[in-house]
Amino acid sequence: MEKAQGFQVILVEDAGKRKAYAKITSEVLRYSTDFFHRKGFVQLMPVILSPITDPLGPDPGSSVIKTGEIEYLGQRLSLTQSMILHKQLAVKEGVEKLFIISPNVRLEHPKRGKSGKHLFEFSQLDFEIAHAKKEDVFALMDEFVRGVVEHTRVACREEFAALGRELLEFDGAFPIYTTHELKEKFGEDWETVASLAHKSPFWAVCHKREFYDKEDPEEEGHYLNYDLVYPEGFGEALSGAEREHEYSRIVGRIGKDMLDAGRYEAYLELAKEGLVPSAGGGFGIERLVRYLSGATHVGDVQMFRRVPGEAVVV
Ligand code: ASP
Ligand code: MG
């Protein structure tokens with residue numbers, strides 16, 4: 001088979017580290033699952049193939065070059081880019097608090113390989129809460145991040161020592177800024193600069209993003225969504241929002257984004273029956289492990305790297 005041009009083959013520089021990253025990942029999964037169960041969430045199984053998936057745009061932060069697709073028995077099925085639309089449908093089924101650890105395939109442009117934080121295949125912990133507001137998600141995630149830091153600090157003491165990683169402590173609720181404030185202070189490309197300037201994670205609210213993130217009914221062009229950003233330059237941790245749940249609003253937003261409404265047919269049919277208002281978010285497991293362990297590249301913490309622009313070895 002012909003090899004794609006311009007690909008590099010990279011394995012993690014010190015193979016001994018893979019064992020440490022595996023242990024930290026395992027403890028992150030254990031803590032996350034326990035945490036969401038303790039908070040009354042129901043864990044759902046992921047889907048990998050569906051006629052509908054997250055369009056991942058228009059979002060200035062997205063560089064996905066195409067959606068992975070297969071044809072099966074005459075149906076065109078997309079590889080999951082995120083479980084967002086299925087989360088809304090599961091909430092409609094009456095599962096009021098849910099989470100899913102799901103594989104996401106996002107075929108990012110190879111230039112993203114150098115960002116340190118992009119993968120074309122990763123696992124996302126996606127959660128959704130019926131009738132919740134953004135403040136509920138802030139409180140939940142503030143507690144989660146603090147908890148996972150404390151848990152791994154103890155459970156992975158040896159691994160952190162071997163990696164030379166000292167995690168900073170932080171107290172109090174994470175600060176909340178609007179993206180407008182962040183742009184003013186740190187420039188258009190505020191994420192990495194602002195992340196480097198912080199010692200604790202912080203929230204960035206109000207991004208123009210996908211149709212399912214709710215537009216502020218009081219202020220057109222403003223959005224009830226948020227990103228959580230790790231400190232020390234590690235950048236984006238989570239994206240989420242209060243959701244558009246009214247059929248007419250969803251159709252309007254899909255139209256504004258110039259998406260093909262035909263691709264969302266089944267979702268729209270169900271939305272017509274009425275979706276339940278909800279809020280939620282999703283965070284990449286590998287990005288969390290990278291932040292905790294201080295790894296240079298998020299691909300380093302994967303046992304089998306999936307970095308845009310690098311050939312897949314195994
Ligand atoms: N999971 C995210 C959400 O809940 C969407 C994303 O993956 O960016 O909004
Ligand atoms: Mg995001």
Side-chain angles (χ1 to χ4, degrees), residues 32 36 41 44 46-48 50 52-64 67-68 78-91 95 97-108 112 115-130 132-134 136-138 140-141 144 179 182 189-192 194-195 201-215 223-230 234-245 250 253 257 259 267 275-288 291 298:
S32 308
F36 282 90
F41 286 73
L44 299 186
V47 297
I48 299 175
S50 170
I52 55 165
T53 194
D54 187 340
L56 294 180
D59 174 353
S62 169
S63 84
V64 167
T67 300
S78 299
L79 271 61
T80 295
Q81 299 193 133
S82 98
M83 292 284 299
I84 172 61
L85 304 176
H86 293 84
K87 289 195 298 182
Q88 284 186 290
L89 298 179
V91 170
V95 189
K97 291 172 90 175
L98 61 92
F99 77 104
I100 310 156
I101 298 174
S102 77
N104 288 188
V105 174
R106 299 185 180 183
L107 303 175
E108 303 276 357
R112 281 289 162 90
S115 72
K117 61 179 187 183
H118 285 91
L119 296 171
F120 64 86
E121 184 187 336
F122 65 95
S123 290
Q124 173 160 227
L125 192 151
D126 238 319
F127 60 91
E128 200 69 20
I129 312 163
K133 298 288 180 205
K134 55 185 187 326
D136 301 312
V137 173
F138 296 164
L140 181 81
M141 284 306 296
F144 170 77
T179 53
L182 289 164
D189 279 333
W190 55 267
E191 191 186 307
T192 308
S195 169
F202 63 91
W203 291 97
V205 299
C206 190
H207 307 253
K208 167 79 188 87
R209 232 174 4 214
E210 291 86 353
F211 69 82
Y212 49 76
D213 282 6
K214 196 179 183 73
E215 189 167 12
Y223 299 87
L224 303 179
N225 58 12
Y226 35 81
D227 271 8
L228 181 68
V229 183
Y230 293 126
F234 291 100
E236 182 186 337
L238 166 148
S239 295
E242 293 179 23
R243 312 301 183 183
E244 294 287 6
H245 65 281
I250 296 172
R253 293 284 305 276
D257 288 352
L259 296 170
Y267 170 79
L275 295 176
V276 177
S278 64
F283 58 88
I285 299 289
E286 292 88 341
R287 284 186 178 183
L288 174 54
Y291 161 60
V298 67

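Values below: every heavy atom of this structure, side chains too, minus hydrogens, waters and symmetry copies. When a ligand or atom number is given, it counts from 1 through the structure's own listing order.
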Not counting sequence neighbours, which residues clear ring-ring contact (aromatic ring centres under 6.0 Å, His included) with F41? List them please.
F36
Atom pair CG (N104) and CG (D54), whose distance is rounded to the nearest 0.5 Å:
8.0 Å
Apply side-chain hydrogen bond (donor to acceptor under 3.5 Å, both in side chains) to the pair S239 and E236, showing each step before the final yes or no.
CA-CA 8 Å; S239 295; E236 182 186 337; 2.8 Å; yes
Trace of the side chain to side chain contact (heavy atoms under 4.5 Å, CB included) decision for E210 with R253:
CA-CA 8 Å; E210 291 86 353; R253 293 284 305 276; over 6 Å; no
Option passing side chain to side chain contact (heavy atoms under 4.5 Å, CB included) with Y223 (candidates K214, K208, E242)
K208
Check for me: within less than 2.8 Å of the Mg ion (ligand 2), which protein N/O/S atoms show up?
E236 OE2, S239 OG
Are the side chain of K87 and the backbone of G281 linked by a donor-acceptor contact shorter than 3.5 Å?
yes
What residues, two or more places apart in sequence or in another chain, satisfy side-chain hydrogen bond (donor to acceptor under 3.5 Å, both in side chains) together with R243?
E128, D213
Between F144 and L125, is a side chain to side chain contact (heavy atoms under 4.5 Å, CB included) present by the stated rule, with each step listed?
CA-CA 12 Å; F144 170 77; L125 192 151; 5.9 Å; no
Does the pair D227/R209 count as a salt bridge with the N-to-O cut at 4.0 Å?
yes
Who's touching ligand 1 if we go heavy atoms under 4.0 Å?
D54, S82, K87, R106, Q124, D126, Y212, S239, G240, R243, G281, G282
